[in-house]
There are 2 protein chains.
Amino acid sequence: MDNVEAERQRRQNLNRRFYELRSAVPKISKMDKASLLSDAVTYINELKAKNKELESKLQHVQNLSNCVTHGAAADHYAKANTGMGLVVEVKFVGSEALIRVECPNMMMNHPAARLMDVLRDLQLQIHHASISSVKHLMLHDIVVGVPEQGFMTMEEAMRIAILRRLLSN
Amino acid sequence: MDNVEAERQRRQNLNRRFYELRSAVPKISKMDKASLLSDAVTYINELKAKNKELESKLQHVQNLSNCVTHGAAADHYAKANTGMGLVVEVKFVGSEALIRVECPNMMMNHPAARLMDVLRDLQLQIHHASISSVKHLMLHDIVVGVPEQGFMTMEEAMRIAILRRLLSN
DNA sequence: ATAGACACGTGAGTC
DNA sequence: TGACTCACGTGTCTA
């Protein structure tokens, strides 16, 4: 018959696909065909799960970094609490601290004065200050001396302290 | 024979696996077994590729956000290329752009002059500038007008452009 | 020898 | 009608 040869090629072709599948699936329990198939489905499901996990993680991280990069270091805390573009950054350089505050003008009256009050309350001595207004935004770059103890190791605490006091009342 | 029944169950089992595989693979060209197998391998490879892409993207984003949050907007590009604390941030506000550059003094001669050269080269008109030196760090806060076209939609490109020119030569 | 897995040829069904 | 896929029973091989 001609059928026998056709069937021969069909089996041969099918086995080729099996080998291809074997090469595509890394974890193979047994060289058995049935095992290969179930291994393939479990592997596919693993990939699907990992894919979903990665996608959600990526979206989460991208959301966070959007918050950060959008405002060039926009403050998550401020965003969460005010919904506006208040940004406070603190960075220590030796015994001094750089403080950078971005504040929308409409957010509060005389943000500069308010910031100075806060710094006074926190007993932070001002070494240098540069304040400018661009459009609706007030920019404050301030260099302060840091007290011998307290904030020395906690830039974040200091940042949060300034932020809370700015937002309170 | 007893073999016939065993073989019957084996085929039956194998077909169950085939059906499971069918349910695991979303894109099926034909209901053919061979097609199913090749569809499975292509789908697996698609998942693998997407997985790698997501992983690298995630790592990339995580690296960026790590750099950003670690140094209060530290710059990945600068860190990678200089190993020092050069930081360039760009932020658009309407038709103006805020540029903030942190540069260690020992990194280059007169970083302010160099930065001005760069801004001139990029044809960015200076609206306001505040430059101060604290310890070993030079701080530049500059407000420039943005050309009608070009950087308007690409803060990042502008940031990178400034950074590259600062680092070149 | 006993069980499990496979390839083979064959008949049957489909387009 | 071929061209195609599939299920079946059978013989063979290995552990």
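Small disclaimer: the values here were computed from a predicted structure and weren't measured. All chains are named by letter (A, B, ...) in the order of the sequence lines, taking the proteins before the strands, and each is independently numbered beginning at 1.
Taking atom CG on N13(A) and atom P on dT5(D), their separation rounds to 8 Å, with Å as the unit. Y19(B) has its OH atom 12 Å from the C1' atom of dA7(D), to the nearest Å. Protein atom CG of L14(A) is 14 Å distant from nucleotide atom C1' of dC8(C), rounded to whole Å. Straight-line distance from the CD atom of E5(B) to the C1' atom of dG9(D): 12 Å, rounded to whole Å. The separation between Q9(A) atom CD and dC8(C) atom P is 12 Å, rounded to whole Å.
For L36(A) against I28(A), the heavy-atom pair with the smallest separation is CD1-CD1, 4.1 Å. Summarising the geometry of K30(B) relative to S35(B), their closest heavy-atom pair is CE-OG, 3.7 Å, with the distance given to 0.1 Å.
Comparing atom distances between the D32(B) side chain and each of dC6(D), dT10(C), dT10(D) picks out dC6(D) as nearest. The side chain of K33(A) has dC6(C) as its nearest neighbour among dC6(C), dT5(D), dC8(D). Checking dA7(C), dC6(D), dG9(D) against the side-chain heavy atoms of N15(A) singles out dA7(C) as nearest.
For dC6(D), its base sits under 3.5 Å from the side chain of E7(A) at one donor and acceptor pair at least.
Nucleotides of DNA chain D nearest to A6(A) and Q12(B) differ in position, and the one nearer the 5' end is that of A6(A).
Phosphate contact (OP1/OP2 of dC6(D), side-chain N/O of R10(A), threshold under 4.0 Å): present. Remark: R8(B) is not in phosphate contact with dA7(D), judged by side-chain N or O atoms under 4.0 Å from OP1 or OP2. For the pair R11(B) and dC8(D), the criterion of a side-chain N or O lying under 4.0 Å from OP1 or OP2 is met.
When atom types are taken as modelled, the side chain of K48(B) and the backbone of Y43(B) share no donor-acceptor pair closer than 3.5 angstrom.
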- Task: Begin with the C-alpha distance, continue with both residues' side-chain angles, and end with the deciding distance and a verdict on side chain to side chain contact (heavy atoms under 4.5 Å, CB included) for L14(B) and L37(A).
- Result: CA-CA 8 Å; L14(B) 236 169; L37(A) 289 184; 3.5 Å; yes

